[in-house]
Every structure is written in structure tokens, then in C-alpha cells.
Amino acid sequence: MGAAGVPLFDHHAHSLRRVQPDTPEAFRAHFTESDASEIVRGHLGWSLFYRRALADLGRYFGCPPAEDAILTARARRPFGELTRAMFEDAGIGALLVDPGFRAADHYDLAALRGMLPCPAGELLRLEVLAERLIPESDGWPDLRERFAAEVRAAAGRVRGLKTIIAYRTGLDVRNWDAASLAAAFRQTRDAAARGRTRLASKPLLDTLLWTALDIAAEHRLPVQVHTGFGDRDLDLRLANPLWLRPAFEHPPFRPITFVLLHSYPYVREAAWLAHVYPHVAMDLSLTVPFAAHAATDAIVEALGLAPASKVLLATDAFSIPELFWLAARHAREALDAALSIIERRGFAGPEDREAIARRLLWDNAVAIYGDLAKNAR
Amino acid sequence: MGAAGVPLFDHHAHSLRRVQPDTPEAFRAHFTESDASEIVRGHLGWSLFYRRALADLGRYFGCPPAEDAILTARARRPFGELTRAMFEDAGIGALLVDPGFRAADHYDLAALRGMLPCPAGELLRLEVLAERLIPESDGWPDLRERFAAEVRAAAGRVRGLKTIIAYRTGLDVRNWDAASLAAAFRQTRDAAARGRTRLASKPLLDTLLWTALDIAAEHRLPVQVHTGFGDRDLDLRLANPLWLRPAFEHPPFRPITFVLLHSYPYVREAAWLAHVYPHVAMDLSLTVPFAAHAATDAIVEALGLAPASKVLLATDAFSIPELFWLAARHAREALDAALSIIERRGFAGPEDREAIARRLLWDNAVAIYGDLAKNAR
Amino acid sequence: MGAAGVPLFDHHAHSLRRVQPDTPEAFRAHFTESDASEIVRGHLGWSLFYRRALADLGRYFGCPPAEDAILTARARRPFGELTRAMFEDAGIGALLVDPGFRAADHYDLAALRGMLPCPAGELLRLEVLAERLIPESDGWPDLRERFAAEVRAAAGRVRGLKTIIAYRTGLDVRNWDAASLAAAFRQTRDAAARGRTRLASKPLLDTLLWTALDIAAEHRLPVQVHTGFGDRDLDLRLANPLWLRPAFEHPPFRPITFVLLHSYPYVREAAWLAHVYPHVAMDLSLTVPFAAHAATDAIVEALGLAPASKVLLATDAFSIPELFWLAARHAREALDAALSIIERRGFAGPEDREAIARRLLWDNAVAIYGDLAKNAR
């Protein structure tokens, strides 16, 4: 009967922070995509997701639904034990981690694996790789070659590539000539030498993404693409997945499964892409849990045009185990609420609920990324 | 009480295939906008619309809700009798057909009329006409003249024009100078001579559409415009009906009623256009049935900003009678579900339901296209 | 228990007409954003908002829900008394008025204040100010100086600035060089001299807005920005609040609170902006009441990503007291319906309903504009 007993293959998440938050403000900052202290201090108390989170965590820890009480309760438990317990209670059965997010102060994959009660695979965040290679590269052709070599070398190790180009220069990926690329490389390396290592050069990002996609196609690697909302780094107009049409229509990329991450507010657009392109799937992590009650409507919309075999859920959680626990629970709950709406309208019977839930929570991820348990890497 | 007893004026549909599908895969292909065999084979079983379709058809044919059983049941009945029975059961009281869709292997209008239990009128698909005229035209001015002559000649015969320019070069229609048009004509005719007859030249498509609109205005002919989703031929960004503003603001086009077809996902945008422009109406065919349960929300949204006198429903069905039957039934059901939501929120009383249903299903189409029964052509 | 007893701080509205409508058609024209008589005559009877309005007004006046009866009933009562009674019944506790809308035939602020049972503050409509200054200015630098001086002078008097640049040239505000500005000024003043006083010059509008924002930042004045739908003057593509990103990212503008007005259909986009930017809030006036039953969904969406401390409601009413009365009532009703959906999904408890309602209806406006009662100006 629905999503309750179905494990989650959390195909898109991040690692845990080595130093856990110990003040209300530091804890609270994990519950918004805003980097502004005014939001954290003045507005988060009115975020319906955060209010619900406190209520849920109070129940979990058996304490009042208040920051101080929760911080005290979580600090009482050894972090490894807390993590294991919350992952188990959340029914997370497998995990793919993007270790490129604030790597310096998060556990590396080996350490994380040691803490988790489930297998964990790895994703390769392309832009972080490129940033690492720029200072050591000798011109654009050399950068491209090094980048390609590293992506190829990773192909046997990682479960998928991930691009956050939407955060940098947007999804309107274009072709660039050699002169533009050479000039962009020089500017970017000079900026990196002066300490500005964040790669935001459109010629380089566009062309390296295309390079990575060529390799993904050779190796039949899935590629996760950040689409839709996130933090304010992003121009949301350029995060509309419809911009990716040239990549979807490019015949050499047909062996890739593109997984559109998050998708909100472009859920209907993503669902249409998943409807017409065999190699496009969509995900609603970050929408669950950040859009709170509205995540239910996002799932309803997704299952309108997209087949249930093309829609995925995940936590996109990071840094603290509570986010994993909340997002996994809210995903199942939102999915159940969505299925109730769909059932009321006659487009699913009670006998379909668990099968559909299993597709979104587990089976679709296994079909795309493989079974982590069988072939851990 | 609601839509149940109200006939449908199916103002936008296509003809039936002379050779009907006789394998599960061939049958299934009618239930997706995707042209990919992987979708048809691997994903359609997870389409909530298709699952529902099988259940409904199983009930209709009195057989298990499975492809083989349905194929066997439908093959047992003479095709003409099956068509007539399904149209009658679907309560389709009038039909407008775009005969330009895969004309070679579909019944022509005369044959189709012989099979149907209701009157059927004709739409003129502009791009197919242009494609036919290009090889026989002698330069751009000649093409334009021939095109205008044929549109004018059709004006007395057809109930409306239809454009699928969204599928070719998008709705951002522009002005082009004579030199661009002459060059575009030469390229296009050369391509046609080499067998590439699909017209995708933006200068020609934009200018011929404007020519057709001039004639539609003279003859007060309605013009159906494909907007929103469809198959992957289409760049969905350029299918947003908001691009059509220059046409809506062009005073000579005021005698035209523009009917925005499909509209999804741009339902709110289309509803606003229907709210402010007296000569713009919107339709939700293709959304019903392809968006499954989400069609209900589309109707709710449409009736928010658009008056009920500006919203139409149709089947956009093609090739097999089952699509007509399903789409007509799902349209009434989604409309009833939408009216229940609206009623619960206090914006329609029980006494309004049938009147509103009648506007969307029948009266609005009669107001725009005329009464087929009275003046069959 | 919910919004019922909570007063509305109507932070965005207009004045009342000195000559009230006395024919059905003149009355009806206030219930649509369309300027077309065909809409008013032929379609408004099918607007679900208008049908509901007649029913509500019939109950209020104790007469049949028909235009003639309502016109007779309202004409029987002195206009001042009617206004006062409807505002009191609507629970409007404070009002901010944009006096720049059709000022010639509406009461000025002093006269309006004399009629209202609540305090009323003033907004400064920037584009109307610019239009007034153009004929008397001697070149672009002089216009800019006069404009800045008037905005500065108003800063002590008004509660906020308001821009309708979305109605003129869109929200994609750009930088312009001195030569473009000088040329644009000459053209605009020449047009004004020939009677075309409506300012639609992109260089002037963009640059004057930036000038006004600089002053708003100095004085910490809130700035209301028309976004989303309105009448057909507007290219809805360019009314997407996402275009405003350069202003939100401009550090000197951080002291401004930007209030995105209306927002529909870009509600999810506006909610994301309010989620990530501490100085961005969103409003759903005009959506309530013009989107009828769909306003409920807009509130549900807004409260998904935006904290409840960032979402405002208002009437955007104008000309006739009935619009204020209806919009205030529908706002509370839609909010209650939205909170019921949110509660059903577990993201608000019964104990949260009134607190959330109070934020949207009153507290958020006080936080942004100050308390009108305490410090009337």
C-alpha cells in the first residue's frame, strides 16, 4: 500500500560534514538555499519546510520541536551511530554521492562508506574536476586532453557524471571556436593564479561538457544535469531543461541517460522531455523537501506526461544526517499524497500504488545506475 | 449534472488509418508523442495514460485489459462498425479534421465522412499546402501568389486554417525582406528537388503564415495554432503562445479568432491571452488525454483567467477510433473533476456545471466554427 | 482559526472614481483586465470571477445576483457611506494607494482619506512622474536630475516606490550610454510635444528606474515592481521577475525591499526569488481576485518555496469599492483553502493557521512599509 515500505535508492546526494553544527543558526542554515544571514535569522522560522522539519525531528529525538532541544538531543549521540540510525530509519538502501561539494570539510567517500548502513557509489562533478586541472594545464588543448583523460579514467569507477553548468553559465550550451577557447583559457588560468578558481568561463564550460558527454556516450555512463532552482548563484531562466534540446537531439549522445535533477519549477517541461526522449529521465530531489507541501503537486505533474519509469526521487541531502532522514520521509509521503490524487482521478488503482512507488524510489535508479549491492564500487 | 450528457464538438482531430494496427507495438505507438521504439517498448507500460487506456478499453470490449485481448476484440468487428460505435458511445457530435496529417495512409475526408455518425468539417493545414506548392513554383513571388490563391479558394470550403509553425521554426514570427525570401525560396526548392520536402525555412514559413492570416481576416476564418507540447520535432520554448503577441496586436487580424491548440504547459499564459484578447481562445486537446490525471489541473488553471466562453476541448485524435473514444471520455471526466474543485472553492454552483460543460464541449466551438449540422460543408 | 478575523493591510491598491458607473457595461468593465468591448459584452458573463462577484454582491446588497439589481442597490446609498461600509465589512485595516493610476478622474489622496475608515499611505508611481517631467526638462541630464530630486523629495512622504516598467519595455533592464540616452530623450520629448505623452523609451525607463533604485536604497524605501499578468499592454514574457536578477544581485540595492506584485503565472519563480534573496518579497494581488478559484493554487505554490514572512496579499482594487470588498474577502477565503491543503499534507497544524494568515494579511506589510496607524503620513 504505497511508498511506506519501499527503500530509497538515493541517486543524488552529498557527503556529511566532519564538524557538525552546534548552534541554532549553524544548524538552521542547512534548511535553505539562501546564503543570507537575514534569511537564516529572520525568515527561516516562517519556512513551512523548516517548521515541519523541527516537528518531525522533535518526534524522532523525543524532545520538544525546538532547535535547542534538538541540538542537545543529537549531540548526545555519537555521530556515526546517529548517522547509521537515521539512514536505517529513513529506509535509504543505496546512495550515490557527489563528493565535489565542499570536499575540504566533508568526509571523503571511504570514510562515509564506513559510517553508512548501505552501499554508496560515486558521481563525478565535472566542473570541480576542470577547476582542479586548470592551474596545471598548458593551454586549452592540454586542458581538454587532461580533462578527457581524467573523465575516461573515472568511467570505470563512478556511477555517473554530474554537471552544475546551470550554476555557472547556464544550459544554453554552444559551440566555440579555437580562438575563443584559447583566450578563455588564458583569462581563466590568470584568474586562477590570482586566487579566483571558480570556473565561470562559458567557452570552457560549454566545450568541456560536450567533451565529457562524448566520453559518457562511449562508456554508456548516465549524466546528471542540475536543472531548475538551487541557490542564488543561478540564473533560473537558464536552468530550464528545454535549453538542452541540442544535446538530446545529438545522435552520438543517445547511449547516455540524461537525468534532469530537481526540475522545479520546470516540472512539466522536464516531464515532456522524459515523455519524448528515450534517454531522458527526471528527478525531483531538492523539490522534495525544499518545496514543502508543493512537492506533492510536482510529483502529480511529473507523472502526467512522464512515464513512471522515467521519474526519480532522491534527497540531494548534504552535511547533516537529518536532511537525509527528512527528505527520504517527505519523498515517500509526497509520493503517497500524489498517488492518492492520481487514484482519485482514476489513473491508478490501489493495486498500482506500490509498483509505481517502487519505480520512483528504487527501480528506476537501478535501471540507470546499476545495482550497487551486486557490484559495489 | 456536469459533462456526462453533453456532446463533444471535436474541433481538432485527424483522420483514421486505412490499415489498422495488428501488433501490440503498432497499437501502442498511438499512445505516445515519442517516435522512439525504446519508449514504446520499454516505457509505455508505465505511462499512466496508457495503463488507464488499457483498463478502459478492456471494459469497452469486455475483455482483459491487455493489448493482445484488445487487439483480438477490435479485429473481430468490421472497422466501419467499430468506428461508428465508438464515436457514438463517445458522444462526438461534430468533427473538424486536419487532413494534412500523414494523408497518404489515412482515409480522405469523403471516405471518413462515410464512416462517421456525425458531420465532419475540414481544416486547412497551411504548411502541407506550402510544401505541395514549392516544387511547382517559379520564385518566391510566384509561391506566395499560388499559396494565397489556394488559401482563398479553400476559404469557402474549410471551417478554419491550421498552422503547425511551432513544429518547424517556432512562434516568434518575424518580418523578412525580399532578398532573404528569394534566397530562402531557392534553397528550399533545391532541397525539395533532392527529396527534402519538409519545409523548415523560417523566412518562408513566417511570411506565408502572415499571408494566410491576411486572408483569414478577409474571410473571418478561425485559425488554429499549435502551441505547447507535441512530439520532439518541436522546441518547446518557441511554442509558448506569448510569442504570438505581434499577431494578436495587429489590428487587421482582429476579425480572426485565434484558437491556441493544446497549450500545455503554457496553460496559464494561454488563459491570460484569452482573458485580454477578444479574438483569442484556447484549447486543451492533446493535454487531454496525454497529460493523464494532470489534465484536470490544466482545466482548473484555464478557467481561472479565461472566461468559460474561451476554453475548448477536443480529442486531437488520429488513426484509430480508440483514441477518439478515450479522449472524449477523459475530457468529460477531467472537466467534471475540475468543476468539482471549482465548486468546492465557491466559484461555480451545481446549477452552473452543465452550462459550463456545454460551453467547453460544444457551444464555444459552434460560436467559432459554425454549426456543422445546419450547414454541412 | 484561519484568516477570518485577521485584518488586511492592503499594501497595493488605487483610488476610487469620482463618477461611479451607472450602466451594466460600465460596471462590468472593472472586472476584467481586457479593454475590449467584445470581452465586456460577450465574455464577462462567463468569467468565473465575475459570476462569483455578482453572487457575492447580491448577498451583500440583499438583492438578486444581477447587474441591474446591484446597480440599483448601490445607487441607493450615498457613495461615502457605501465605501466606508464595504471597507469595514472587508476588514481592510490599512491601505497604500498608487495615486498615479488615471489620476484625473479619481479622488486624490486627501479626499480618499476623508472617505475611508482606515489610514491610507501613498506610493510613488515612477513612470507617471517621469512623464510629467519630460516636457519641462532640458535634455537628458536635466530630466534625470529633476526626476532624482522629486523622488528624493517624496522619500519622506511616501511608503514606497512603484514601477510599472513591465508594462512599458519589460523587466530586462539594461545599461545605456550617454548618446543613446540623449537621443532617446529628444525623441521622447518631441513625441510628448505632439501629444504622445506615454513614456515607452527603453533607455529612459531603464536608466530612470536605476536612478530611483539608488535613491530607494539611500532611504531604505521599499519598491513595488509590477510582475506577471495585467492588461494587454504588457509582453508577459518580459514580466517574468527572473529578469530582475541584476538588480537583486547589485550590492548597493540590498537596503531595498523589492516587493514583486501579482507574480502570476510566475508564482514559483517569485517564490524562489523570495526564498534566496533576503530583500525580495512577493505579492499575489490581482491574482486574487482575477484568477478566481486558481488563486488558491497560487498561494499553495508561493508558500512552498517562500517563507510565510515573504508572501503578501492585497486587493490591487481600483475605482469602485466593490472590488476592494470582493478582493479582500476572496483573499482570506483563498488563503484558508490553501492552508487547508497545506494542513492536509502535514506542513501546517491547526495552531499555525492564524499565525500564517496574519503574516500574509498584515504583519509582512507592517514589516516592510511600517505601521500606518502609528505614524500616519
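The sequence lines fix the lettering, A, B, ..., with proteins before strands; numbering per chain opens at 1. Given the structure is predicted, the values throughout are model-derived calculations rather than measurements.
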Colleague: When rounded to the nearest 0.5 angstrom, what is the spacing between CG in B/L205 and CG in B/L199?
Modeller: 4.0 Å

Colleague: For the residue pair A/R353 / A/S340, report whether a side-chain donor-acceptor contact shorter than 3.5 Å exists.
Modeller: yes

Colleague: Could you tell me if B/Q224 and B/T163 have a donor-acceptor pair between their side chains, going purely by distance under 3.5 Å?
Modeller: no

Colleague: Between B/A36, B/G42, B/A291, B/G45, which has the largest tally of heavy atom pairs under 4.5 Å with chain A?
Modeller: B/A291

Colleague: Please look at B/R51 and chain A and tell me whether the side chain, the backbone, both or neither of the residue comes under 4.5 angstrom of a heavy atom of that chain.
Modeller: side chain

Colleague: Checking heavy atoms, do the side chain of B/Y50, its backbone, both or neither come under 4.5 Å from chain A?
Modeller: neither

Colleague: Under 4.5 Å from any heavy atom of chain A, what part of B/D56 do you find: side chain, backbone, both or neither?
Modeller: neither

Colleague: Checking B/R344 side chain against B/L339 main chain: does a donor-acceptor pair fall under 3.5 Å?
Modeller: no

Colleague: Where does A/A355 contact chain B at under 4.5 Å (heavy atoms): side chain, backbone, both or neither?
Modeller: both

Colleague: Out of A/H279, A/E249, A/E301, which one racks up the most heavy-atom pairs below 4.5 Å with chain B?
Modeller: A/E249

Colleague: Taking side chain as everything from C-beta outward and backbone as N, CA, C, O, which of these in A/Y277 sits under 4.5 Å from a heavy atom of chain B? Side chain, backbone, both or neither.
Modeller: both

Colleague: Taking every non-hydrogen pair under 4.5 Å, which of B/D233, B/V40, B/D35 racks up the most with chain A?
Modeller: B/D233

Colleague: Indicate yes or no for a side-chain donor-acceptor contact from A/H275 to the backbone of A/L305 under 3.5 Å, with no hydrogens or angles considered.
Modeller: yes

Colleague: Does a side chain donor of either B/D283 or B/H12 reach within less than 3.5 Å of an acceptor in the other side chain?
Modeller: no

Colleague: If I measure from the heavy atoms of chain B, does A/I356 come under 4.5 Å with its side chain, its backbone, both, or neither?
Modeller: both

Colleague: Can you tell me which portion of B/L234 sits under 4.5 Å from chain A's heavy atoms? Options are side chain, backbone, both or neither.
Modeller: both

Colleague: Verify the distance criterion only: is there a donor paired with an acceptor across the side chains of B/E38 and B/H43 at less than 3.5 Å?
Modeller: no

